[in-house]
*Asks:* 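So that we are looking at the same thing, I have put the structure below in structure tokens.
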Protein chains: 2
Amino acid sequence: MNKKKVSLKDIAEKAQVSTALVSYVLNGKEKESRVGHEIAVKIKQIAKELNYQPNYLAKSLRSGKTQTIGLIIADISNPFFANIARIVEDEAKKNGYTVIIGSSDETAEKSWDLITVFLNRQVDGFIIVSSENTEEQIQYLLERNVPFVLLDRHFPEIPTDFVSLNSFKAAYDAGSHLVRGGYKNIGLIAYKSQLFHMQERIRGYRFSLEDNQIPFRPEWLKEVGFNTIEEEIKVGIDDMLASGFAVDALIFATYRLAITGLKYINSLGLKVPDDLAIVSFGQAEAFDLYYCPITYVLQPMEELGKTAVEILIQKLKKPDSNKKQILMEAKLMARNSSRPKASVF
Amino acid sequence: MNKKKVSLKDIAEKAQVSTALVSYVLNGKEKESRVGHEIAVKIKQIAKELNYQPNYLAKSLRSGKTQTIGLIIADISNPFFANIARIVEDEAKKNGYTVIIGSSDETAEKSWDLITVFLNRQVDGFIIVSSENTEEQIQYLLERNVPFVLLDRHFPEIPTDFVSLNSFKAAYDAGSHLVRGGYKNIGLIAYKSQLFHMQERIRGYRFSLEDNQIPFRPEWLKEVGFNTIEEEIKVGIDDMLASGFAVDALIFATYRLAITGLKYINSLGLKVPDDLAIVSFGQAEAFDLYYCPITYVLQPMEELGKTAVEILIQKLKKPDSNKKQILMEAKLMARNSSRPKASVF
DNA sequence: GTTTTTTGTTTAATCGATTAAACATACATT
DNA sequence: AATGTATGTTTAATCGATTAAACAAAAAAC
């Protein structure tokens, strides 16, 4: 990068004034700082001539504000998070902020790394999709008074701002929908995770059975590890099908679980929904394209992302405002993969 | 962010030495700067105690290096770019760099915006997936001597570093594969774009026909606008099928085109591959999950992304090294959607 | 016992901007 | 004429680190 950048000083020299005046003029403070009109015009002209671009590092160092938001998600290559990232990017840009994105791979270590790196880079605040066992990280941010908003997941026992989904309700709706369609043996494949939103999905599912007088059977619930989903899903599905109470419908607690599960279901030659009805969380092109369009829980992504940014920016302006805690409602999009059983009619 | 950050000065005061010593010690320059051993130990200890984290803004302002890479892609919510972004993120992190991502939506304006914003933020270099009509932006970067590498797309007439795909060969292979399978009327749906990689895909497709003595028919080639793909693809496919030489096979030049096209093909009730064989660029879960797995052109994403980062970092170290221009080969992954016509056997 | 060298540490400029405070005129008021 | 008030501009400190150069004291050389 030669052709050295023009600085305030360069303009000042050319205009034969001090850098202070240049700074005032270029920041629109001519009035307050009562800069002479002719000089102001001259400065503006020279700035344009030299195509002056302020150095944000210097600005930030001085002001303590970088106009940068750190976004921590599980994995940018996962469409769900990529979607969110895009929404956050756009909304942040509208407000003059730039976003740095980091993928935690659902691990607490990487999440710590990212928080540290981002803090060193002086981000003004964070939007975080929390991984398991990151409570201490959240506490750390709270203690240090770093502005942040949790997105999609939150810790009910820690008082923070957050925007997430009413997972209980969403799962409850998914289960009830299947029951109404005449399905009796309904399974759930979720992640083995203590994260609240995952536990809520499980709880919602179980409540939907309970409320419909369907006794829950342990073999209907499979919790798979993040790093072993392929194998565990296979075993899990085999198990669910082999059981004395073989499932006739299956709920997937996330998009990735569904994709992996469906591949296996395809390979088994099972027909959806006749052999097995399907409902999944998260939307995706793959669901539309499937031979039998997949019923899914539509999360209000746009709203989730936008609101998170809004709350954060609000917080950056007024650090001591009240905590905003928002649970948004999902909407069940019924498609063919969970159509009512023929026998019902 | 109260609990004010600890700075070099804080450590210096506590250790009763000047900031210079602290800086030397914490940067591992004890030896060169012959700092007293006891003092060094003391400084390190205090730094740890106070959990000192250097301020990168200050560091960067001084050094002129931000250890930040600007990545400009078309859209982070597109799985293809999300994938690349993840690879770039990881590779950059390995080398101590942070990535800022921006989505251009294939427009020259947004691309300019991003370049300007990122330059103001003093990124050390760029990795760019160029949009149409951004040649002047590339020239600008060249003139200003800003290090950058083009990824996935390049301008043959501008001498830059780049890493992209041999699109001609990939498209030629796709076409030849279909011809070998007994398909005679092969269509291509591409973007209406002067971008080289797109033109190369078209050229490769046409050459594959030509080389196999299949006379090309204009109605087999549809070029659709970025912002109107839904409608144009519908019309295009209708047109191709209505033609006197109705297509029996279709190549999609990108992932997004394929997804959109397949939805429409589904809605028409066409059976793949019996009614219409399919080959597409770009891989995706949706292709695996489709009732008839889609044949696709496998791009070496990992290599593309990694190499781009490597070249850029190399360039950052040695700004005047020779331009690296790399064309990688794709691999056709034959699946059921393009299985040889029954009549062939 | 000087002079030189080595060792250890501080000083101060610098990166590029912002901004309170000081300074210098011109103009108005009494 | 003396004082007060606008108006316009500069000075210099500051943000947090880096680093060449200056300095001081101890050790080695002659």
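Labels below follow one simple rule: chain letters A, B, ... track the order of the sequence lines, proteins then strands, and each chain is numbered from 1.
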*Asks:* For B/E106, enumerate each residue passing the salt bridge (charged side-chain N to carboxylate O under 4.0 Å, His left out) test, keeping only those at least two apart in sequence or located in another chain.
*Replies:*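 Salt bridge (charged side-chain N to carboxylate O under 4.0 Å, His left out) list for B/E106, sorted by chain: B/R153.
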*Asks:* What's the CD1-P distance between A/I43 and D/dG8, to the nearest Å?
*Replies:*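 Result: 13 Å.
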*Asks:* Give me, pair by pair, the N or O atoms of the protein and of nucleotides 14-17 of chain D that are less than 3.5 Å apart, along with how far apart they are.
*Replies:*
residue: D/dT14; atom: O2; partner: A/R62; partner atom: NE; Å: 2.9
residue: D/dG16; atom: N2; partner: B/A58; partner atom: O; Å: 3.3
residue: D/dA17; atom: OP1; partner: B/Y52; partner atom: OH; Å: 2.7
residue: D/dA17; atom: OP1; partner: B/N55; partner atom: N; Å: 3.0
residue: D/dA17; atom: OP2; partner: B/L8; partner atom: N; Å: 2.4
residue: D/dA17; atom: O5'; partner: B/Y52; partner atom: OH; Å: 3.4

*Asks:* Check salt bridge (charged side-chain N to carboxylate O under 4.0 Å, His left out) between A/K315 and all other residues, then give those that pass, not counting sequence neighbours.
*Replies:*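 A/K315 satisfies salt bridge (charged side-chain N to carboxylate O under 4.0 Å, His left out) with A/D161 once adjacent residues are dropped.
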*Asks:* Once side chain to side chain donor-acceptor pair (under 3.5 Å) is applied, what residue pairs with a partner in residues 37-47 of chain B remain, sequence neighbours excluded?
*Replies:* B/E30-B/K44, B/Q45-B/E49
*Asks:* In whole angstrom, give the distance that lies between atom CD of B/E32 and atom P of C/dT9.
*Replies:*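 Rounded to the whole Å, the gap is 16 Å.
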*Asks:* What's the NZ-P distance between A/K42 and D/dG8, to the nearest Å?
*Replies:* 16 Å
*Asks:* Excluding sequence neighbours, so at least two apart, what forms side chain to side chain contact (heavy atoms under 4.5 Å, CB included) with B/D90?
*Replies:* B/R86
*Asks:* List, one per line, each side-chain donor-acceptor pair under 3.5 Å for residues 302-310 of chain B, sequence neighbours excluded.
*Replies:*
residue: B/T307; atom: OG1; partner: B/E303; partner atom: O; Å: 2.5

*Asks:* Between atom NZ in A/K31 and atom P in D/dT7, what is the gap in whole Å?
*Replies:*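 Whole-Å distance recorded here is 12 Å.
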*Asks:* List the atom pairs, with distances to 0.1 Å, where a side-chain N or O of residues 133-141 of chain A and a protein N or O form a donor-acceptor pair under 3.5 Å, not counting sequence neighbours.
*Replies:*
residue: A/T134; atom: OG1; partner: A/S131; partner atom: O; Å: 2.7
residue: A/Q137; atom: OE1; partner: A/S111; partner atom: OG; Å: 2.6
residue: A/Q137; atom: NE2; partner: A/A108; partner atom: O; Å: 2.9
residue: A/Y140; atom: OH; partner: A/R144; partner atom: NH1; Å: 2.8

*Asks:* Could you tell me which residues satisfy salt bridge (charged side-chain N to carboxylate O under 4.0 Å, His left out) with B/K94, sequence neighbours excluded, listed by chain and number?
*Replies:*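 Partners of B/K94 under the salt bridge (charged side-chain N to carboxylate O under 4.0 Å, His left out) test: B/E91.
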*Asks:* Indicate whether the side chain of A/D124 and that of A/T66 have a donor and an acceptor atom separated by less than 3.5 Å.
*Replies:* yes
*Asks:* Taking CG from B/L21 and P from C/dT11, how many angstroms apart are they, rounded to a whole number?
*Replies:* 11 Å
*Asks:* Using only heavy-atom distances, determine whether the side chains of A/R121 and B/T98 contain a donor-acceptor pair under 3.5 Å.
*Replies:*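 Side-chain D/A pair, A/R121 to B/T98: present.
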*Asks:* Could you state the CG-C1' distance from A/L26 to C/dT19, rounded to the nearest angstrom?
*Replies:* 15 Å
*Asks:* Which listed nucleotide (D/dT10, D/dT9, D/dT19) is nearest to the side chain of A/V35?
*Replies:* D/dT9
*Asks:* Contact class for B/S33 (heavy atom, under 4.0 Å): base, sugar-phosphate, or nothing?
*Replies:* base
*Asks:* Quick one, give me the B/S/- string for nucleotides 22-27 of chain D, reading 5' to 3', where B means a protein heavy atom under 4.0 Å from the base and S means that only happens at the primed atoms, P, OP1 or OP2.
*Replies:* ------
*Asks:* Does A/Y56 reach a base, just sugar-phosphate, or nothing at all? Heavy atoms under 4.0 Å.
*Replies:* nothing
*Asks:* How many Å lie between CD on B/E30 and C1' on C/dT7, as a whole number?
*Replies:* 15 Å
